[in-house]
Number of protein chains: 2
Amino acid sequence: MPPTLEEVAKLAGVSRSTVSRVINQHPSVRPEVRERVWAVIRETGYQPHAAARSLATRRTRVIGLIIPQAVTTLFTDPYFPILIRGVADACNSFQYHLMLSLFSQGQAGNSSARQDELYQQVLRGQYLDGVLISSAPLDDPIFRRLLQDGIPFVVVGRYPHERIHYVDVDNVNGARMAVEHLLRLGHERIATITGPLNMCAGQDRLEGYRQALTSRGLAVDEKLIAEGDFTEQGGRMAMQRLLPQRPTAVFAASDVMAIGAIKVIRDAGLRVPDDIAVVGFDDIPLASVVEPPLTTIRQPIDQLGSMAVKLLIGLIENPEGSTVHRVVLPTELVIRASCGIRAK
Amino acid sequence: MPPTLEEVAKLAGVSRSTVSRVINQHPSVRPEVRERVWAVIRETGYQPHAAARSLATRRTRVIGLIIPQAVTTLFTDPYFPILIRGVADACNSFQYHLMLSLFSQGQAGNSSARQDELYQQVLRGQYLDGVLISSAPLDDPIFRRLLQDGIPFVVVGRYPHERIHYVDVDNVNGARMAVEHLLRLGHERIATITGPLNMCAGQDRLEGYRQALTSRGLAVDEKLIAEGDFTEQGGRMAMQRLLPQRPTAVFAASDVMAIGAIKVIRDAGLRVPDDIAVVGFDDIPLASVVEPPLTTIRQPIDQLGSMAVKLLIGLIENPEGSTVHRVVLPTELVIRASCGIRAK
DNA sequence: AATATTTGTGAGAGCGCTCCCAAAAGAAGA
DNA sequence: TCTTCTTTTGGGAGCGCTCTCACAAATATT
């Protein structure tokens, strides 16, 4: 049995309250007493009981990272591990803890009911002080519920709602830079493999593609747009649909899809970048390693995570602030071999 | 303010105790009363307060997944996301929650002191009912502490200690199968790129390599063994050291390292599998997609995770059992193009 | 019909902490 | 020296739940 406050108090010859003050760095404790109490704490290895503390303070110092059902299939995309690492690091440095809620398919039963149940348990059960939502579909009911229940939350990825705080990378500009690079290389039939269009990231990257073309006075040919789902397999399927259109270049909205596309292009007997240039998005570690190394858009994923945590903790510890926080981190073009160097 | 037990009780015209019984499915409540209480619970959206409950029961229904400092650099290896997904799924289906503790470098200060602090907070603070440790180095002090504090835990990866429960895949046999396959294809100068040798998985896969050779009566040439660290970069460096030895085949202890090795082989102007055959380990999703598709050893990573959770929850809910649980899941050879088909 | 047994329910204490309030102890002013 | 303030300390209540125990009601036993 670990020692309690009471026991520490007795050993130090003071009251429960005084020990509590020492633990919580309350200033009005005589230095001499404080030292005596600390000595006993060290000696006994005393650690406040988290649940007891939460019950009294209504705070848990735990935040949740929720990754909804719709995206757990993408979980092998290196995006998530990096995000998680960023989030975990930030939590560590703020002395918060991280609870991970994935809603994946593996389980029996209606999984949206399942998601509901988990929501109920975790959030209304006050396990968490606040949550981070990563790349949920725009219509996910969780947003309404969080707003309704008044639970502090930050979305990782843009979310168009005036009361929602979010952190995102500049997807529109990133995509635009990618396509502009292809335009500069002289390409005119540029296709795109989009992300899922019910996610903001998917929409925004498509929007960047459109902007790059129209600002050059080029028409957007809808036949050169194929929807993917951020998976390698989805990238392959989309590329298959695009091939008959004979594009000279493809902008894939994720590196993983770009890799799938390259595979299909090669299987069709064509070369990358000679016959079809390819640009990806994300700059996952793999991008520099595949053959040919991928030209892509780098996004600071771990910063995204730590920034989201910082914002969320701000909301938790300072609920007064009525300003809605929106952070958009810059993206950057990384030129490698997969887009070739075409003469203008 | 969410409703409390007391309030629900008043609304249902019963006592606090009765509502508690209903929530906890205690049998001795009249069906009619039970129904009435449930109605109020549904109506009010009542959810028991997690902290209050934990305080009374000394259980949190939260388990931790701890990934120590030494391996967070590998976190982009698809191994971890898959493991995490397996663990998360299993948690969901047992109605447990998952707390993730990564100890990575990002942070300032002596990080082993940091790790200590976190240990103290999370584990002695009774946040968790038990923990899963993934691939910690054999000498990590956490094992001793857990044992000492009597905290239920299961290690993911073999751990040679008579009181420690673990779940692992059959690394020795897997490696052996990989190398035997190369032997069958007629190779004789088979090199290996090992994992870090302070981890069991690294040692065991090397052991499998040795066994395959010696059981064929072949000598093990230490110059054909290069230590890697499970990263792509580590794989490249190890391959560079091996190239001068002119191996005709390489067994890499992870797919990620195999991919690094292939790159080096090609940069040296050699072809895979024609000049050097390569076999990996893990069967990560990427393995089937790279050029050439990787022959590798499949390990059921998500099963590993869910099995570990199952064991751990067993330990938590049934602390009496004095048997030490050890589960070893089978591995499987997956033949693709990277090892070629050599005549016998 | 009287007693014994089972079943259902409520009251109370307690889990370990925080925080308010009032008392005690010093410090300062008269 | 006595009052008035300030600083430091202890006691008590309360956070929302569970769980034991005792009592009331319903059923079974003789």
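Basis for what follows: all heavy atoms, side chains included, without hydrogens, waters or symmetry-related copies. Quick note on labels: first sequence line is chain A, next is B, and so on, each numbered from 1.
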Sub-4.5 Å side-chain heavy-atom contact between A:I23 and A:I41 = yes

Is there side-chain contact between A:V155 and A:F143, with at least one heavy-atom pair below 4.5 Å?
-> yes

Is a side-chain N or O of A:D129 found less than 3.5 angstrom from the main chain of A:R61, in a donor-acceptor match?
-> yes

Identify, between B:T4 and A:P27, the residue whose nearest nucleotide on DNA chain D lies closer to the 5' end.
-> A:P27

In terms of the nearest nucleotide of DNA chain D, which residue is placed more toward the 5' end: A:V29 or B:S20?
-> A:V29

Rounded to the nearest angstrom, tell me the gap between atom [atom1] in [X] and atom [atom2] in [N].
X     : N      : atom1 : atom2 : result
B:H49 : D:dT18 : NE2   : C1'   : 14 Å
B:E6  : D:dC17 : CD    : P     : 9 Å
B:R59 : D:dC19 : CZ    : P     : 11 Å
A:K10 : D:dG11 : NZ    : P     : 13 Å

Just report the end-to-end axis angle for the helix from C:dA2-D:dT29 to C:dA30-D:dT1, five pairs per end, to 10 degrees.
-> 50°

Salt bridge between A:R42 and A:E35, side-chain N to carboxylate O under 4.0 Å?
-> yes

NZ/NE/NH1/NH2 to OD/OE distance under 4.0 Å, A:D149 and A:R124 = yes

Nearest-0.5 Å distance, CZ of residue B:R145 to OH of residue B:Y119 | 5.5 Å

Any chance CZ of B:R59 has more than 12 other-residue heavy atoms, nucleotides or ligands included, within less than 6.0 Å?
-> yes

First contact, last contact: which nucleotides of DNA chain C are these for chain A, 5' to 3', heavy-atom distance under 4.0 Å?
-> C:dG16 to C:dC20

Is there a side-chain polar atom (N or O) of B:S17 under 4.0 Å from OP1 or OP2 of D:dT18?
-> no

Nearest-nucleotide comparison on DNA chain C, the residue closer to the 5′ end among B:V14 and B:A56 = B:V14

When you match A:R30 and A:Y46 each to their closest nucleotide on DNA chain C, which lands nearer the 5' end?
-> A:Y46

Going by distance alone, is a donor N or O of one side chain under 3.5 Å from an acceptor N or O of the other, for B:R58 and A:H49?
-> yes

Check against ring-ring contact (aromatic ring centres under 6.0 Å, His included), B:Y127 and A:H97 | CA-CA 10 Å; B:Y127 269 100; A:H97 305 285; 4.8 Å; yes

